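A short write-up of the structure that comes next.
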Number of protein chains: 2
Amino acid sequence: MKQVVELLRTHAIQPSAQRVAVANYVLVTKEHPTAEQVFHAVTATFPTLSRATVYNTLHLFVKKGLLKQFALTEGVLVFDPHVEPHHHFVDDETGAIVDIPWDRIRVEGADDLPGIDVRDFQVVVRGKRQRRRTTNKAT
Amino acid sequence: MKQVVELLRTHAIQPSAQRVAVANYVLVTKEHPTAEQVFHAVTATFPTLSRATVYNTLHLFVKKGLLKQFALTEGVLVFDPHVEPHHHFVDDETGAIVDIPWDRIRVEGADDLPGIDVRDFQVVVRGKRQRRRTTNKAT
DNA sequence: TCGAAAGTCTTGACGTCGTCCAACTTTGGA
DNA sequence: TCCAAAGTTGGACGACGTCAAGACTTTCGA
C-alpha cells in the first residue's frame, strides 16, 4: 500500500485515491488483464470509480513506464506490469497469456533490420498447453 | 478473375459473387487490412454487400487456410494473405504492419518450450521507420 | 417442370471496447 | 482563504464484431 504511493511519486504521478486503487491491482497482478478486467476488479472495492478514469490511469501508467501494453489476442489490449523485455506464449484454447523469460529464446537479427529504428521486439508463441504429464496441478 | 474462382473451388468454397468480391481484394492485397477496411474497400464496388457477409467470409477463408489472422496493433484483427511463416514489423508512428522474411531473423528455442505444444511463433518488432538521416534521435 | 432442402445473404438489433467532452470536485500554492 | 490547475465523473458516442430471423438462390430428385 505505502510502497505503491511511493512508486507513483517516484514516477511523477500524483497518488490520488483512484490511481492508488488501480495501481494496487494492476501493478501487483501476475496476469495480463484487459482494461475491462481492471475496471471490474477495481470497482468491486471502489464502486464510484468511472471507466474513463481507469482508461486515463492505465494510459498514464504506460506513458510513465509502469506498464506495458500489448495486443496479442482477439482485439483487446492487455496490460503487463512486467516491463523488462520478455517473450509471450498465448494459449490457443483459453487465450491465456504467459510470460517466457528473455533468456529462454535466442533471437538473432531482429535489432538489425535495414531502414528500421527498432524500439523493442519479442517472440510471440502460439499453441496449447500439454496437460498430460508435467503438471502437478490437475485441471 | 477466373483464378480466384478456381482458388475458392480448390479450397471447397462455393464461389458466390460476394465471396469472389471479397477474395479479389483480400487475397491480392499486400497490406494487412482489418475487417472494416475489407468491408469499405469491397462495398465501394459491391454496395449491397453486408457487413455480416464480410465477417462470415473472412472467417471462412481463415478456416480454409487462405488467410491468417493477427492481433498486433491496438485492438483490431488484421488479415494476412501471406500464410507462410514470417515475422512482422509494426511502425509505432503509423501502425503500419510490414512483413519480415522468415530467414531474416534467426530464433532458437521457441519451439522447444516445456509443457507447450507449439503451433507457430513469430517475432514482432516495434519501432519506427528511418525516413532520412537519424541524427535527431531523442529518447 | 416443379418443389423441397440446403446453402447463402441481408437486415437490424445487440454487446463490448474505448474515446471524448462538459461539468464537477479536489488539491496545492500564493 | 481564494483561485487555478489537476483530477474525476457520467453520459454520449463511434468503431468493431456477433447473432438470429427471414429472404433469397441454387441444387437436385421426382
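Owing to the predicted nature of the structure, the values given are computational and were not obtained by experimental measurement. In the text below, chain A, chain B and the rest are named by the order of the sequence lines, each starting its count at 1.
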**Prompt:** Would you call the rings of B:His88 and B:His32 parallel, tilted or perpendicular if under 30° counts as parallel and over 60° as perpendicular?
**Reply:**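 Perpendicular.
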
**Asked** Once the angle between the rings of B:Phe79 and B:His59 is folded into 0 to 90°, is it parallel (under 30°), tilted (30 to 60°) or perpendicular (over 60°)?
**Response**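 The arrangement is tilted - the two ring planes meet at 30° to 60°.
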
May I have the distance from [X] (atom [atom1]) to [N] (atom [atom2]), rounded to whole angstrom?
X	N	atom1	atom2	answer
A:Arg9	D:dA6	CZ	P	17 Å
B:Arg19	D:dT25	CZ	P	16 Å
A:Leu49	D:dG7	CG	P	15 Å

For [X], answer base if it contacts any base atom (sugar-phosphate contacts may also be present), sugar-phosphate if it contacts only those atoms, and nothing otherwise; contact means non-hydrogen atoms under 4.0 Å.
X	value
B:Thr48	sugar-phosphate
A:His59	sugar-phosphate
B:Thr53	base

Side-chain N,O ([X]) to OP1/OP2 ([N]) below 4.0 Å:
X	N	answer
A:Gln18	D:dT8	yes
A:Arg51	C:dT16	no
A:Tyr55	C:dG18	yes
A:Ser16	D:dA6	no

**Asked** Are A:Gln37 and A:Tyr25 linked by a side-chain donor-acceptor pair shorter than 3.5 Å?
**Response** no

**Message:** More than 12 heavy atoms of other residues, nucleotides or ligands under 6.0 Å from CZ of A:Arg106: yes or no?
**Reply:**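 Incorrect, the count does not exceed 12.
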
